[in-house]
Amino acid sequence: MKAFRIVVIVIVVSFIGLFVWAKYDNWKNRSHAAEVAATQHLPIKQKTLNLDWFELRQQWNAVVGEVVRIESFKEPAKGGYTVDFGNNLAMLAGTSDSKVTNLLIIYGGGDGLGAIKLFGAMLGAIAVTNPSLSPTERGAILKRMKLAGDDEDYSKGKSESVTENGIEYAVVIKDFGLLFSATPK
C-alpha cells in the first residue's frame, strides 16, 4: 500500500510537471493565437469534454453503480480533481475554465476487487465522455484496446489507443500499474 501511494505521488507530480509545461506551451501558443484572434476577431476554443466537474460526477454516479462511485474528492489548487476509489485505484480529472479537459485513471495492481473497480472505472470514463454509446459499444472500445474479450492483454509495456466520436481512449501498462485516459481530440 505504501509503494502504491509513492507511485501515485510520483505519477501525480509527473503529471503536474507535464501539466505546467503543457500550460506554459499552451499559453505561448494561445497568446499568439489571441493576437491573431484580436486582429481577425476569431474566437479561441480549448477542447474539453463539454462537462464541468459536477456534471461529470453526477453522470458518472448515474452509470457506474456502487462499485466506483465518486463520493468524495480532492480539488487541487488549480487544474483538476482527484478521486481515490480505494484498492489502489484513483482518477484525476483535469479542468480548464471550469470544464473537464481529460480523465486519467491510475491502477497500481492488487486484488480481484481492485480489478473489478478498474474495469468499472474504464467503462464509466467511456460512458461519461461518450454518453450516446450503448453498454455493448462501450465494451467494444475495451475489446478494441485488448482490455476485454478473447484478445485480452494486460502485459507490461502495452500501449494502445482508440478514438471514438472525437474522444481518444488510451492505455499504458508499466511496472507500476495501468494508466487509462480519455481526452478530446
Side-chain angles (χ1 to χ4, degrees), residues 1 4-31 33-34 44-64 67-109 114 117-131 138 141 145 147 159 161-174 176-185:
M1 187 66 170
F4 172 74
R5 287 184 181 160
I6 291 171
V7 168
V8 168
I9 290 169
V10 168
I11 290 170
V12 169
V13 168
S14 298
F15 276 104
I16 289 170
L18 285 172
F19 179 77
V20 169
W21 175 81
K23 282 290 187 184
Y24 172 74
D25 192 50
N26 190 23
W27 173 79
K28 282 191 338 188
N29 293 336
R30 285 198 335 175
S31 64
I44 299 173
K45 288 186 115 186
Q46 181 171 357
K47 292 183 180 183
T48 69
L49 296 173
N50 295 321
L51 296 166
D52 67 25
W53 168 251
F54 297 98
E55 292 168 329
L56 181 132
R57 181 179 173 206
Q58 181 180 16
Q59 290 181 20
W60 178 280
N61 286 342
V63 296
V64 299
V67 177
V68 284
R69 288 183 64 80
I70 299 174
E71 298 294 339
S72 62
F73 55 89
K74 292 180 183 173
E75 182 178 3
K78 265 192 171 179
Y81 295 84
T82 305
V83 179
D84 183 356
F85 294 116
N87 297 91
N88 296 331
L89 181 66
M91 179 174 72
L92 304 173
T95 59
S96 176
D97 297 327
S98 79
K99 293 292 186 182
V100 177
T101 57
N102 62 330
L103 296 177
L104 176 66
I105 296 167
I106 305 164
Y107 180 59
K117 284 184 170 187
L118 168 65
F119 205 73
M122 291 188 298
L123 288 171
I126 295 168
V128 297
T129 58
N130 253 314
R138 294 177 210 148
I141 290 174
M145 296 176 77
L147 295 173
S159 177
S161 67
V162 168
T163 300
E164 186 72 36
N165 298 330
I167 306 294
E168 180 182 48
Y169 302 100
V171 65
V172 176
I173 302 174
K174 298 287 185 183
F176 58 80
L178 180 144
L179 300 173
F180 179 87
S181 64
T183 309
K185 291 302 278 175

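Residues satisfying the side-chain hydrogen bond (donor to acceptor under 3.5 Å, both in side chains) criterion with N102, sequence neighbours excluded, are absent altogether. A62 meets the side chain to side chain contact (heavy atoms under 4.5 Å, CB included) test with no other residue; sequence neighbours excluded. Under the rule for a side chain to side chain contact (heavy atoms under 4.5 Å, CB included), the partners of S159 that lie at least two apart in sequence or sit in another chain are V172. Here Q58 pairs with nothing under the side chain to side chain contact (heavy atoms under 4.5 Å, CB included) rule; sequence neighbours left out. Considering only residues two or more places apart in sequence or on other chains, F54 meets the ring pair (Phe, Tyr, Trp, His ring centres under 6.0 Å) condition with none of them. Evaluation of the side-chain hydrogen bond (donor to acceptor under 3.5 Å, both in side chains) rule for N165 yields N130 as partners, not counting sequence neighbours.
Contact record, A182 with I167: CB-CG2, 4.2 Å, taken as the closest heavy-atom pair. When all heavy atoms are compared, the tightest approach of V100 to A93 is CG1-CB, 4.3 Å. Contact between L147 and F119 at its shortest, heavy atoms only, is O-CE1, 3.8 Å. Contact detail for S181 and L104: the closest heavy-atom pair is CB-CD1, 4.1 Å. The minimum heavy-atom distance linking Q59 with L51 is given by the pair NE2-CD2, 3.4 Å. When every heavy atom of K117 is checked against every heavy atom of F85, the shortest pair comes out as NZ-O, 2.7 Å.
Looking at W60, its side chain never comes within 3.5 Å of a backbone N or O of A121 through a donor-acceptor pair. Looking at R138, its side chain never comes within 3.5 Å of a backbone N or O of A125 through a donor-acceptor pair. At distances below 3.5 Å, at least one donor-acceptor pair connects side-chain atoms of N61 with backbone N or O atoms of I70. Remark: the backbone N or O of K185 is paired with a side-chain donor or acceptor of K47 at under 3.5 angstrom.
T82 OG1 to L92 CG: the interatomic distance, rounded to the nearest 0.5 Å, is 5.0 Å. With rounding to the nearest 0.5 angstrom, the OH atom of Y81 is 13.0 Å from the CG atom of L103. Atom CZ of F180 sits about 13.5 Å away from atom CD1 of I106, to the nearest 0.5 Å. Put simply, OG1 on T183 and OH on Y169 are 9.5 Å apart, with the number rounded to the nearest 0.5 Å. Atom OG1 of T101 and atom CG of L49 lie 7.0 Å apart (nearest 0.5 Å). Distance check: N88 CG to F176 CZ gives 13.0 Å after rounding to the nearest 0.5 Å.
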Please walk me through it: do L123 and V64 pass side-chain contact (heavy atoms from CB on, under 4.5 Å)?
-> CA-CA 8 Å; L123 288 171; V64 299; over 6 Å; no

